[in-house]
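Can you read through this structure? Questions will come right after.
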Amino acid sequence: MAKRFKLGYAFTQKKNFIQDSLLNESKQRGIDLIKIDTETPLIEQGPFDCILQKLSTESWIKQLEEYSLQNPNVLIIDSPSKIEILHDRISMLQVVEDLKIDGQVNETETATFGIPKQIVINDVGPLAVEGSKLKFPVIAKPLVADGSALSHKMSLVYNHNGLNKLDTPVVLQEFVNHGGVIFKVYVVGDYVKCVKRKSLPDISEEELDGKDLEESCVTFSQISNKTSQERSGVMCNEATHIEDAVMPPDSLVTDIARGLRQAMGLHLFNFDVIRDSKIGNHYVVIDINYFPGYEKMPCYESVLTDFFCDLRQRKQNLLSEDMKKEEE
Ligand SMILES: Nc1ncnc2c1ncn2[C@@H]1O[C@H](COP(=O)(O)OP(=O)(O)OP(=O)(O)O)[C@@H](O)[C@H]1O
Ligand SMILES: O=P(O)(O)O[C@H]1[C@H](O)[C@H](O)[C@H](OP(=O)(O)O)[C@@H](OP(=O)(O)O)[C@@H]1O
Ligand SMILES: [Mg+2]
Ligand SMILES: [Mg+2]
């Protein structure tokens, strides 16, 4: 009987990734998903062939390092040092800026992509955005994107007055009108899946002019990470029928996904893309998330189990290479 592949997982309490449907599908295909007790020393648990993890405390990272030293063949998906780049909203999008991708979609069509203009401010005085050429409205996002509730506390700031209420350091990212629909691109190893979600509605010039002091800053949080079935209409553009929205070009989405995978060396992430309403074939990446809510992705059980089977195959290949070297 083929050896079972033991995959330990370590997540925060809030994570809903492990569903019975995934446990069953993986078990049927020889993959045992085992919950790691983060209150007990990792070295006393296992043995694991692979560890799936989304924790960032110092003590946990130390335990992972110690476990890897004692078990050099264990696969860590993904390594905390590689995930770090996504915990800062400037370094996160710098990866996108540095991608070199040809936007040719087909013989006649091209598409371009980029990131919104953004700056970090450390105080909200009258000169906060002086010289930056940043245009209002902006979305104010906490600089640190570490998965805490605080890291998702966003503010839509219509004008200069709205800056006063912000906590710093904060990223001010130009608001891009995008028709009230956001595209979330899930990446699981080589697999790429683009889904649509409701987003903030466009902001018209008249609306901008009419904003008085009181309304110059509106806070919200995680308005796009619920599927349409889970949605309740807070802040989102209920009028937008997202099913009518045209998906971005497959080739562009796939090229960006591949480029990010290569550049970051990560297997499990998603990125949020919006289409610039002013330029129909220009796409703007506004967010990248490590180990997102895959349980919301269509066919998540089979997609993730396929990925686990790829990891098992990779591990078997590594072990047979080691054996060949020993025989030489
Ligand atoms: N530059 C922008 N222009 C227009 N809308 C934006 C912009 N940035 C963010 N948004 C809107 O705000 C929402 C939240 O932004 P973002 O995805 O950066 O926050 P987050 O807390 O990291 O969300 P997630 O739950 O995806 O991790 C987006 O889904 C989108 O609706
Ligand atoms: O709709 P998605 O899958 O994008 O929602 C994700 C969200 O993008 C973030 O990845 C959240 O993680 P944190 O940034 O660490 O909070 C995910 O929460 P999680 O509890 O599932 O990890 C959302 O599902
Ligand atoms: Mg997002
Ligand atoms: Mg995010």
Side-chain angles (χ1 to χ4, degrees), residues 9-19 52-56 83 86-90 92-93 96 114-119 134-158 170-188 193-203 218-231 233-237 240 242 245 266 268-278 282-298 300 303-304:
Y9 61 85
F11 303 123
T12 55
Q13 201 64 36
K14 75 175 179 98
K15 194 121 185 88
N16 297 321
F17 173 68
I18 299 292
Q19 307 276 329
L52 271 187
Q53 67 90 25
K54 185 182 181 181
L55 297 173
S56 50
I83 299 168
L86 296 182
H87 287 168
D88 172 300
R89 289 188 187 271
I90 298 298
M92 171 202 286
L93 295 188
V96 180
I115 67 170
K117 188 172 176 53
Q118 60 177 15
I119 61 170
L134 204 70
K135 291 198 197 73
F136 287 94
V138 297
I139 300 257
K141 304 183 181 186
L143 175 62
V144 174
D146 60 3
S148 63
L150 205 58
S151 72
H152 292 292
K153 189 170 166 263
M154 310 253 135
S155 299
L156 177 52
V157 183
Y158 289 93
V170 67
V171 173
L172 301 181
Q173 194 182 85
E174 279 186 359
F175 183 92
V176 177
N177 276 337
H178 56 283
V181 180
I182 192 164
F183 305 104
K184 272 190 180 272
V185 184
Y186 286 89
V187 178
V188 182
K193 174 72 179 172
C194 183
V195 299
K196 303 180 214 178
R197 295 278 176 80
K198 279 196 185 305
S199 184
L200 291 175
D202 289 352
I203 302 172
V218 182
T219 55
F220 64 92
S221 173
Q222 293 198 283
I223 48 131
S224 304
N225 75 358
K226 290 201 172 25
T227 58
S228 39
Q229 289 78 12
E230 298 163 317
R231 169 102 261 110
V234 65
M235 271 302 280
C236 276
N237 188 11
T240 308
I242 58 170
L266 293 174
L268 299 171
F269 58 93
N270 76 5
F271 55 98
D272 293 346
V273 191
I274 54 180
R275 179 187 288 114
D276 187 327
S277 295
K278 285 200 311 296
H282 181 65
Y283 296 87
V284 182
V285 179
I286 58 169
D287 181 28
I288 308 175
N289 302 292
Y290 178 65
F291 213 131
Y294 287 112
E295 69 281 3
K296 292 171 270 188
M297 179 179 71
Y300 109 100
V303 169
L304 271 297

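All ligand and atom numbering here is 1-based and tracks the order in the structure.
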For atom 12 (O) of ligand 2, the protein heavy atom that lies nearest, with its residue and separation: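 Answer for atom 12 (O) of ligand 2: K54 NZ, 3.0 Å.
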Under a 4.0 Å heavy-atom limit, does F11 contact ligand 2 with its side chain, its backbone, both, or neither?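 Neither part.
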Is it the case that the side chain of S277 and the backbone of N177 share a donor-acceptor pair, with hydrogens and angles ignored and the cut-off at 3.5 Å?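 Present.
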Out of L86, I115, V171, which one pairs with M92 under the side-chain contact (heavy atoms from CB on, under 4.5 Å) rule?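 Option passing the side-chain contact (heavy atoms from CB on, under 4.5 Å) with M92: L86.
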Quick one: nearest non-hydrogen protein atom to atom 10 (O) of ligand 2, plus distance?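 I find the closest protein heavy atom is N289 CB, 3.3 Å.
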Between Q13, E295, Q222, K15, which one has a non-hydrogen atom sitting closest to atom 22 (O) of ligand 2?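 Nearest option to atom 22 (O) of ligand 2, by heavy atoms: K15.
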Among all protein heavy atoms, pick the one closest to atom 18 (O) of ligand 2 and tell me residue, atom and distance.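 Protein heavy atom with the smallest distance to atom 18 (O) of ligand 2: K14 NZ, 3.3 Å.
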Would a distance-only check, ignoring hydrogens and angles, find a side-chain to backbone donor-acceptor pair under 3.5 Å from K196 to A245?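 Present.
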Which heavy atom in R89 sits nearest to a heavy atom in S151, and how many Å separate them?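 That closest heavy-atom pairing would be NH2-O, 3.0 Å.
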Does the side chain of Q173 reach to within under 4.5 Å of the side chain of L134, using non-hydrogen atoms?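 Q173 vs L134: side chains apart.
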Quick test: of every protein heavy atom, which one is nearest to atom 24 (O) of ligand 2, and how far off is it to 0.1 Å?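 Scanning the protein heavy atoms, the shortest distance from atom 24 (O) of ligand 2 goes to K296 NZ, 3.0 Å.
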Taking atom 4 (O) of ligand 2 as the reference point, the nearest protein heavy atom with its distance: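 The closest heavy atom on the protein side is K184 NZ, 2.7 Å.
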Main-chain N/O of F269 paired to Y294 side chain as donor or acceptor, under 3.5 Å: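 Yes; at least one donor-acceptor contact below 3.5 Å.
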Where V138 and K135 come nearest, the two heavy atoms and their spacing: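 It is CG1-O, 3.4 Å.
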Shortest protein contact, atom 1 (O) of ligand 2 (heavy atom only):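 I find the closest protein heavy atom is R197 NH1, 2.7 Å.
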With a 4.0 Å cut-off on heavy atoms, is M297 in contact with ligand 2?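 Contact check M297 vs ligand 2: negative.
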Mind running side chain to side chain donor-acceptor pair (under 3.5 Å) on S56 and H87 for me, showing each step along the way? CA-CA 10 Å; S56 50; H87 287 168; 5.2 Å; no
Within-4.5 Å side-chain heavy-atom neighbours: F271 and V187: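 Result yes, sub-4.5 Å side-chain heavy-atom pair found.
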Contact residues of ligand 1 with a heavy-atom cut-off of under 4.0 Å?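 Lining ligand 1: R89, P116, I139, K141, H152, M154, Q173, E174, F175, V176, H178, I182, K184, S199, L200, F220, Q222, I223, S224, N225, D272, I274, I286, D287, N289.
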Y186 heavy atoms, cut-off 4.0 Å: which ligand 2 atoms fall inside?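 Answer, ordered by atom number: 1 (O), 2 (P), 3 (O).
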Ligand-residue contact atoms, ligand 2 with P292, heavy atoms, under 4.0 Å: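 So the atoms of ligand 2 that pass are 3 (O), 10 (O).
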Give the residue, atom name and distance (to 0.1 Å) of the protein heavy atom nearest atom 7 (C) of ligand 2.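 Nearest protein contact, heavy atoms only, for atom 7 (C) of ligand 2 is N225 ND2, 4.0 Å.
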Once you restrict to heavy atoms under 4.0 Å, what part of N270 touches ligand 2? Side chain, backbone, both or neither.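 Side chain only.
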K15: partners by side-chain contact (heavy atoms from CB on, under 4.5 Å), with sequence neighbours left out: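 So K15 forms a side-chain contact (heavy atoms from CB on, under 4.5 Å) with F11, T12, F17, K54, F291.
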